[in-house]
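Here's the structure we're looking at; comments come further down.
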Amino acid sequence: MSKVLDKKMLSRDVVQMKLLAPEIASERQAGQFIIVQVDSDFSERIPLTIADADEKAGSITIIFQIVGKSTLKLAQKKTGESVENLLGPLGKPTHIEKFGTVVCVGGGIGVAPLHPIAQAMKNAGNRVITIIGARTKDLLILEDEMRSIADELIICTDDGSYGRKCLVTEPLKEICEKGGADLAVTIGPAIMMKFCAETTRPFGVKTYASLNTIMVDGTGMCGGCRVTVGNETKFVCVDGPEFDAHLVDFDNMMLRLRSYKPQEQDANHACHLQAAIDQLQR
Amino acid sequence: MSYIPADKLKEEAQTIIKEIDFSNLKPKDRLRIPMQEMPAQEPKARAKNIQEVALGYFEEQVKLEAERCLQCKNAPCIKGCPVEINIPGFIKAAAEGDYQKSVNIIKESSMLPAICGRVCPQETQCMAECTVGKSLKDMDKSVAIGRIERFVADWERAKGKMSVPEIAPSTGKKVGIVGSGPAGLTAAADVRKAGHEVVLFEAFHKLGGVMIYGIPEFRLPKEILDKEIDNLLSMGVKIKRNFLVGRTRKVKDLIEKDGFDALFIGTGAGLPNFMNIEGENLVGVSSANEFLTRANLMKAYTPDKADTPIFTGKRTAVIGGGNVAMDAARMALRVGAEKVYVIYRRTENEMPARREEVAHAKEEGIIFSFLSSPVRILGDETGKVKGIECLKYVLGEPDDSGRRKPVAVKGSEFTLEMDSVIMALGNSSNPLISQTAPEIGVNKWGNITVDEDGKTSMDKVYAGGDIVLGAATVILAMGEGRRAAASINKLLADNK
Ligand SMILES: Cc1cc2nc3c(=O)[nH]c(=O)nc-3n(C[C@H](O)[C@H](O)[C@H](O)COP(=O)(O)OP(=O)(O)OC[C@H]3O[C@@H](n4cnc5c(N)ncnc54)[C@H](O)[C@@H]3O)c2cc1C
Ligand SMILES: Cc1cc2nc3c(=O)[nH]c(=O)nc-3n(C[C@H](O)[C@H](O)[C@H](O)COP(=O)(O)OP(=O)(O)OC[C@H]3O[C@@H](n4cnc5c(N)ncnc54)[C@H](O)[C@@H]3O)c2cc1C
Ligand code: SF4
Ligand code: FES
């Protein structure tokens, strides 16, 4: 049982939640995640990145987008209520060292998991350039937090409602062209990570992507999270979640992410989800 | 074997009982009592429900089956039992109708009789040594030891009161048990009995290991497992669920910082094997572990209640020939598949699955394709499985395991139309513990190596079960848990 200590909406469908989890708070490192299950019997187990942790208070923070039944169920938990199961910290921590200049590229909800990594990279003495993107201004999250860490912050929106009107790959390419990147870290929708990898590849800039496959146990037991990396099958939950983006087969990963699409649509008719999100705003 | 309805079996047993004078049975009379078949749900009906298939003996049947035992002086059956249960002893008590005494005799050696009675491969253990089977020249006609075991264990559970073992006074020592499969549960109970404080760590939100997430409800009802676990709780074992040793806390920190005097690692063989063939990552291909976990642990067999989706193909191929393959195939039927194929590269004789499970699967309509193995899985333009291409095999020379090695027949490719494929190729050991605690030595398969006391190469750390043996059985895991617990109890008694 883990108590919800605090909850706030970062945008219309993005929730920031603080949970009591002293053991996880004291062990976790940047890049690791948890598995949450709202109740034991029938709920799904879903993976979410640990966005922040406070060891003294024994709390961890997660930031998630409401995209389906399980994220909605979690969002509906009120402060003071509890989620039944919380397992973590899972996955290998991000490899942090002084690389020189690190470009952190986050898209959509991917900015949340990117934040602790950017922070750790900064603490290790790197110059950190952060590029964050969203479809439109209202969907942008953690701008202030990122600004306070980054030596340079570039904002992109698809519709130009804020920052530059472009995809995140455009400024990434410019930086690479100037020879200004020693390492890139990208987290976001699979398609975005794929194109970030394609952008840095010609420049030989080492690029890490943090993958968000479907998971069940998160301990290496089911193989549901498997991806192809450099022609080898890897389990994201134990071998990852970060991999060399130049070796990941993103096309196969995108296919597999849609495995349960028909069932998910059944579980959550889009209009039902929207109505439930409206409820949460009050 | 053809299906005989339960009430018919009961009637037959009642008739036979009336004809026998039990006060004066000679061995040849005993050999003449027919072996009692296990009553089961009707095959067509059970293939669409999740309830237990085998219903358990009627009291009349237990009487007859127990009277078949010759009470051999040398009791060869005991040598066939990995934990050496006093088999003639408990059978005699059952024949006399003293079920409590019978179950107590079993519990001297095995902590989980209701479970072992259901899932042990008796046909390769105790029953393979039984004098009755040998005399009748048909080992399938050995005394049905497991069915009697199950009956008396179920009798005790139905009665409501389970005997809680005595606990020695507190020693002030603390032992951590990692993993709640049969190895961990047994070790926890045995260490606790010696008066040590016991903390049981389990990664999942439910206890039981493979018995909860792997072996399906229709073979091992979860209610039985829950009862056994309640029993453990009543002994004062502390339980920490959602705790992944190696990640939530390192082995070293448990000992050095958290003050555990000893640890037992029973983390099982949880890493699913794949074939590394083309198309294995297509949508619709899963490991049996994933499929069974979704179905069992996440209860996806109740789609109206469970949030976890399961891939319900119409035509499902299961690759493999062990218990895992049988469970996956039979579960696939129950979650909606219309045609289920089991594809296995040897013949029925070499199948490692329990014979009873294979017979049940056949009755339920599972189609077996022996001597064939997939070469690639075919996908449609959206990346979904549409078929499976296989090669035919013949049996050649025996290999290291003594089984005849299958050899591919050139040019024998054939294609079966499928929309889902389940890989049931066995499991290897989960590398998490050894990766995060390099002090613990492993062999080339990644299994933890232990000495004859069950001790690993790391001080104060013991291990047992599938993580040591590779994928094995419930009873062997239990035996290993018991052995390591004895060593731990000795260690802690020595350094007072
Ligand atoms: C290691 C890891 C870390 C993650 N960290 C975060 C995080 O910090 N914040 C966050 O919001 N999400 C994160 N995710 C994704 C998150 O787990 C999914 O959004 C969630 O499982 C969806 O569950 P649902 O039942 O609400 O939606 P569903 O009903 O299952 O799905 C709704 C829609 O979301 C898509 N979807 C389903 N699963 C995923 C997935 N794993 N990734 C992307 N899309 C998916 C489906 O295709 C569907 O279109 C992470 C995933 C992984 C593997
Ligand atoms: C589908 C299937 C059917 C089977 N059918 C039969 C059968 O009919 N008869 C039979 O005798 N055997 C059968 N077996 C084999 C049998 O179940 C196993 O041999 C037995 O369960 C092994 O017990 P164990 O205690 O070693 O490990 P497991 O039962 O595997 O339990 C290990 C436990 O440890 C937990 N764990 C793992 N890592 C960690 C960690 N780092 N921290 C905390 N917890 C951890 C796991 O979550 C799990 O709960 C079957 C196996 C499968 C998969
Ligand atoms: S070998 Fe068979 S007949 Fe002999 S004691 Fe054992 S169960 Fe009874
Ligand atoms: S989530 Fe099951 S193996 Fe990774």
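By convention in this document, chain letters (A, B, ...) are assigned in the order of the sequence lines, proteins followed by strands, and residues within each chain are numbered from 1.
Using a 4.5 Å cut-off between heavy atoms, B/Asp253 touches chain A through its side chain atoms alone. With a threshold of 4.5 angstrom between heavy atoms, B/Phe243 approaches chain A through its backbone and through its side chain. Using a 4.5 Å cut-off between heavy atoms, A/Thr233 touches chain B through its side chain atoms alone. A/Asn252 touches chain B through its side chain: at least one heavy atom from C-beta onward sits under 4.5 Å away, while N, CA, C and O do not. Only the backbone of A/Leu86 comes within less than 4.5 Å of a heavy atom of chain B; no side-chain atom from C-beta onward does.
When the candidates B/Leu292, B/Val285, B/Thr436 are compared by the number of heavy-atom contacts under 4.5 Å with chain A, B/Val285 comes out ahead. Contact tally against chain B (heavy-atom pairs below 4.5 Å) for A/Glu84, A/Arg28, A/Arg226: the top residue is A/Arg226. Counting heavy-atom pairs under 4.5 Å between each of A/Leu90, A/Leu87, A/Val216, A/Asp249 and chain B puts A/Leu87 at the top. Contact count versus chain A (heavy atoms, under 4.5 Å) is highest, among B/Thr248, B/Leu244, B/Asn281, for B/Asn281. The choice from A/Gly223, A/Gly224, A/Pro89 that makes the most heavy-atom pairs within less than 4.5 Å of chain B is A/Pro89. Ranked by heavy-atom pairs under 4.5 Å with chain B, the first of A/Asn85, A/Leu255, A/Asp251 is A/Asn85. Ranked by heavy-atom pairs shorter than 4.5 Å toward chain A, the options B/Arg241, B/Lys250, B/Lys240 are led by B/Lys240.
Salt-bridge formation is detected for the pair A/Lys206/A/Asp244: a Lys NZ or Arg NE/NH1/NH2 atom is positioned less than 4.0 Å from an Asp or Glu carboxylate oxygen. At a threshold of 4.0 Å, the pair A/Asp52-A/Lys18 does not count as salt-bridged, since none of the basic side-chain nitrogens sits closer than that to a carboxylate oxygen. Between A/Glu27 and B/Arg247 there is no salt bridge, since none of the side-chain N atoms of the basic residue sits less than 4.0 Å from a carboxylate O of the acidic one. The residues A/Lys73 and A/Asp39 are annotated as salt-bridged, a charged nitrogen and a carboxylate oxygen being separated by less than 4.0 angstrom.
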### Task
Quick one: do A/Glu242 and A/Lys92 satisfy salt bridge (charged side-chain N to carboxylate O under 4.0 Å, His left out)? Show the steps, please.
CA-CA 8 Å; A/Glu242 274 173 22; A/Lys92 288 190 176 150; over 6 Å; no
#### Entry: Stepwise side chain to side chain contact (heavy atoms under 4.5 Å, CB included) check, A/Leu19 with A/Val4
CA-CA 5 Å; A/Leu19 294 158; A/Val4 179; 3.8 Å; yes
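B/Asp380 places a side-chain N or O within donor-acceptor distance of the main-chain N or O of B/Gly383, the cut-off being under 3.5 Å. Counting only distance, with no hydrogens or angles, the side chain of B/Ser429 and the backbone of B/Ala269 share no donor-acceptor pair below 3.5 Å.
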